[in-house]
Amino acid sequence: MDALSAIRETFFQECEDQLAELETGLASLEEGAADGEVVNAVFRAVHSIKGGAGAFRLDALVQFAHAFETVLDLLRSRSLDLSPPLLKTLFHAADLLADLVSAAREGTIVSPSRIEPVEAELRRMAQSNGPSAPDDADDGFEPIPFSLDEMAGSPGDPSVRRVVVDFAPNSEMYRKGNEAVRLLRELSRLGKAKIDCDTSALPLLDDLDPNGAYLSWRIELETDAPVSQIEEVFEFVQDDCRLGIEELPVEEAPKENAVSAAPPVPAAPPPPTPDETAEAAAPAARKEALSPTIRVDLERLDRLINLVGELVINQAVLSQRVTEAGFSRSSNVITSLATLEQLTREIQEGVMATRAQPVKPLFQRMTRIVREVAEATGKSVRLKTEGEATEIDRTVIERLADPLTHMIRNAIDHGLEKPEARLAAGKEYQGEVRLSAIHRSGRIIIEVADDGAGIDRARVRQIALEKELIAADAQLSEAEIDNLIFLPGFSTAQTVSSVSGRGVGMDVVKRSIQSLAGRLSIASRPGEGSTFTMSLPLTLAVLDGMIVRVENQTLVVPMTAIVETMRAKDEAVHPLGADAHVLAYRGGFVPLIDVGVVLGFRETPFDPRRGIVLVVETEGSTACALAMDEIFDQRQVVIKSLERNYRQVPGIAAATILGDGRVALILDVDSLVAGARRQAPPTSFGFAAESRAQ
Amino acid sequence: MSMTILTVDDSRTMRDMLKLALEGVGYSVVQAADGIEGLEALENGAPEVIITDINMPRLDGFGFIERVRQDPRFIGVPILVLTTESSNEKRSIARRAGATGWIVKPFEAAKLVDVIRRVAA
């Protein structure tokens with residue numbers, strides 16, 4: 001990535017931070033914090049976005065950010081009062097700003113018909129304050145690159161003029177880093193200059209103060225630049241020098257003493273009063289203490305995590321080899337190894353934790369979703385969050401945003417009743433959506449709960465029947481009915497509204513969560529509300545797996561997929577056709593898949609009664625049974641991508657390296673089952689064919 | 001020997017852009033995220049030029065400039081204000097605080113380098 005693209009990426013990351021600051025700040029203002037520093041922070045957030053956007057020529061974004069910033073500037077200079085209508089406008093503006101940033105990032109555009117009303121609102125708010133109009137130079141804002149000598153001034157008079165400039169700097173000017181030579185050079189750029197230096201005030205060397213100013217100049221300038229442009233060369237030094245600028249009538253020669261168009265100014269500007277300095281420097285109470293942090297490249301962290309993964313594997317290999325070498329249990333080698341194991345485990349946990357981030361920013365993004373959906377559905381909703389400080393691996397957080405959004409939309413659109421209905425039911429006018437995150441036994445549990453009407457079980461059952469997702473006489477528990485909404489094909493025209501009907505059903509959401517090695521379920525209490533519960537692993541880099549053997553291959557089956565393990569009893573296994581079997585399980589039958597045959601490890605089918613059967617749950621919550629030869633044990637393995645090192649293989653999710661140094665494939669249960677169900681012949685798994693060819 | 005320029009801006013994007021532009025022509029760049037960090041960075045020695053934003057948390061540009069100008073170690077170090085604003089009022093404040101010059105964002109890299117060269121010479 002070249003440098004400029006990298007900075008562009010930085011810019012958009014920074015925009016995310018600024019937008020979060022903006023949201024937090026506005027939320028504080030809404031809660032009544034009249035703190036000037038909060039308003040300043042909000043202003044700076046928009047100001048920063050505008051600045052960066054200008055650099056990348058993102059015009060639509062710049063223009064809107066400028067309108068937004070103008071109102072915020074008035075607010076922070078107390079020319080505007082923070083009224084509820086103003087706050088509402090600011091929230092709308094913040095939402096639009098976020099959308100403009102996204103559009104700029106993706107190269108799409110936001111329709112002007114969406115931008116104009118908000119801009120108009122902002123302009124109305126800005127003008128409502130009356131007399132103190134924004135500074136004139138900010139009107140007609142245009143991002144133009146600027147340099148010191150190209151000052152905006154009145155249009156040049158084409159005719160040449162003669163100007164005499166008398167310039168006598170004092171020492172203060174030099175202290176501020178200005179140099180007479182440079183200024184003279186600037187002047188000479190404006191035309192033809194004749195420069196005379198007056199050294200008469202220069203003392204002898206012994207009396208010379210190196211920081212003193214003893215020189216003055218007289219410059220005769222022939223230029224077509226307007227006088228204002230000449231004045232602007234001296235704009236920043238005007239307080240620290242004696243300056244005379246006089247335009248001569250064209251024919252006259254300059255007089256000797258034509259000086260002092262401007263009155264003499266004091267030698268040095270008065271030092272800033274203690275009050276001013278205090279105001280500028282006072283560390284205003286920020287909302288949160290600045291905890292020492294450091295920005296680290298995500299790539300670096302990933303590399304580090306990878307290395308640690310290798311470390312863990314190698315340490316396991318070492319342990320194995322040491323054991324095989326036959327050291328006695330009590331030997332020094334064994335105990336040292338145990339220490340090494342402990343240390344490695346701690347390093348791994350520590351490194352994993354660096355990528356862990358609090359869910360707070362994710363939850364905060366949801367406040368906007370809640371606002372939008374509530375407005376769109378005409379309901380009053382408040383969002384309550386718990387456990388914002390809970391940390392999850394960054395990669396997991398990023399992939400949670402969409403599913404979480406859909407669940408919240410669902411909760412508000414379908415779960416919560418309209419305010420009148422709520423009042424009639426004796427509930428509060430305002431509905432509540434509660435978002436919580438907590439660590440529990442090595443996983444993260446995230447809940448989205450609403451205090452609405454709960455799932456209408458009769459209707460759900462009806463819909464499932466109509467869509468032929470369940471049998472007419474199926475006996476389902478209440479929980480099973482609730483979870484029917486996750487079946488593919490469940491969402492119907494009736495459940496699609498203008499809000500949640502953005503095309504995804506709960507089945508897609510569930511699959512997203514499952515792709516994160518998580519589980520999703522719903523529980524409902526009629527009249528009281530529903531709760532979605534998501535259970536996620538702490539990280540995607542390691543996996544809890546069951547180590548099994550199929551033929552001569554060692555495989556890993558993810559624990560999250562396994563429902564039960566059992567020895568297949570004779571009477572439970574029934575043949576189906578020539579080669580297939582089914583397993584009698586919990587009052588029904590589930591397909592029994594010969595993993596060895598499906599993956600091409602063997603050709604002759606395996607008698608499942610001789611081995612172990614794993615009952616697994618796949619997407620769509622249908623159960624299936626996998627026949628394995630043997631189970632070794634259960635342990636945590638480091639996931640190594642197969643795609644990155646080899647290529648994608650159907651039925652296989654990834655790989656890992658076991659303690660004995662061999663590669664063990666990690667099964668992709670869903671893909672395996674789907675493939676077996678399609679009755680695809682084993683050779684269609686190219687991997688198997690290749691391995692045999694070797 | 002390359003010169004050192006101190007850049008003070010709370011936007012990481014802006015700091016990176018300045019660094020890219022200035023290092024590209026041989027300057028050595030020191031970065032600070034606000035006025036306080038800027039003052040801390042100055043403890044390591046006077047740079048050839050200071051470029052600062054106005055709107056920053058903790059200590060803003062004006063405050064920073066004033067503090068630098070009070071310090072005798074930094075006499076004669078040019079301080080350029082680099083900001084999106086261009087109001088006359090703000091320019092005056094900067095001037096009275098002791099700024100050497102004012103550049104409006106967004107800047108073209110070549111122009112910025114040109115200005116710095118002229119100011120630092």
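Lettering of chains follows the sequences in order, A, B, ..., and the numbering in each one begins at 1.
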Minimal non-hydrogen separation, [X] against [Y], with atom names:
X	Y	value
A:A55	B:M14	CB-CE, 4.4 Å
B:A99	A:F236	O-CD2, 3.4 Å
A:D73	B:K90	OD2-NZ, 4.3 Å
B:V119	A:R182	CA-CD, 3.6 Å

To the nearest 0.5 Å, what is the distance between [atom1] ([X]) and [atom2] ([Y])?
X	Y	atom1	atom2	value
A:S171	B:I75	OG	CD1	9.0 Å
A:L4	B:M17	CG	CE	5.5 Å
B:M56	A:S48	CE	OG	11.0 Å
A:N40	B:D60	CG	CG	8.5 Å
A:H47	B:D10	NE2	CG	7.5 Å

**Request:** Check each of A:E14, A:Q13, A:R8 against B:T13 using the side chain to side chain donor-acceptor pair (under 3.5 Å) test, and report the only one that passes.
**Result:** A:E14
**Proximal component of B:D9, with respect to chain A [non-hydrogen, under 4.5 Å]** = neither
**Prompt:** By a 4.5 Å heavy-atom criterion (distance strictly below it), what part of B:T83 contacts chain A: side chain, backbone, both, or neither?
**Reply:** side chain
**Prompt:** Does A:E69 reach the side chain of B:E85, with side-chain heavy atoms less than 4.5 Å apart?
**Reply:** no
**Prompt:** Are any of the side-chain nitrogens in A:D239 or B:R95 under 4.0 Å away from the carboxylate oxygens of its partner?
**Reply:** yes
Per-residue contact mode, [X] against chain B (heavy atom under 4.5 angstrom):
X	answer
A:Y174	backbone
A:N178	both
A:F12	neither

**Prompt:** Is it true that atom CD of B:Q31 has more than 12 heavy atoms of other residues, nucleotides or ligands lying nearer than 6.0 Å?
**Reply:** yes
**Atom CZ of A:R300 with >12 non-hydrogen neighbours under 6.0 angstrom** = no
**Message:** B:R69 vs A:R175, test: side chain to side chain contact (heavy atoms under 4.5 Å, CB included). Steps then yes/no.
**Reply:** CA-CA 8 Å; B:R69 286 298 178 222; A:R175 296 185 79 234; 5.8 Å; no
**Verdict with supporting geometry, B:K105 and A:K50, side chain to side chain contact (heavy atoms under 4.5 Å, CB included)** = CA-CA 10 Å; B:K105 278 194 264 196; A:K50 184 185 98 171; over 6 Å; no
**Asked** Given the rule in the side chain to side chain contact (heavy atoms under 4.5 Å, CB included) test, do A:K176 and B:I79 qualify, once you have shown the distances and angles that lead to the verdict?
**Response** CA-CA 7 Å; A:K176 290 188 191 165; B:I79 304 181; over 6 Å; no
**Request:** For each of B:P78, B:P72, B:A94, B:S92, tally heavy-atom pairs with chain A at distances under 4.5 Å, and name the one with the top tally.
**Result:** B:P78
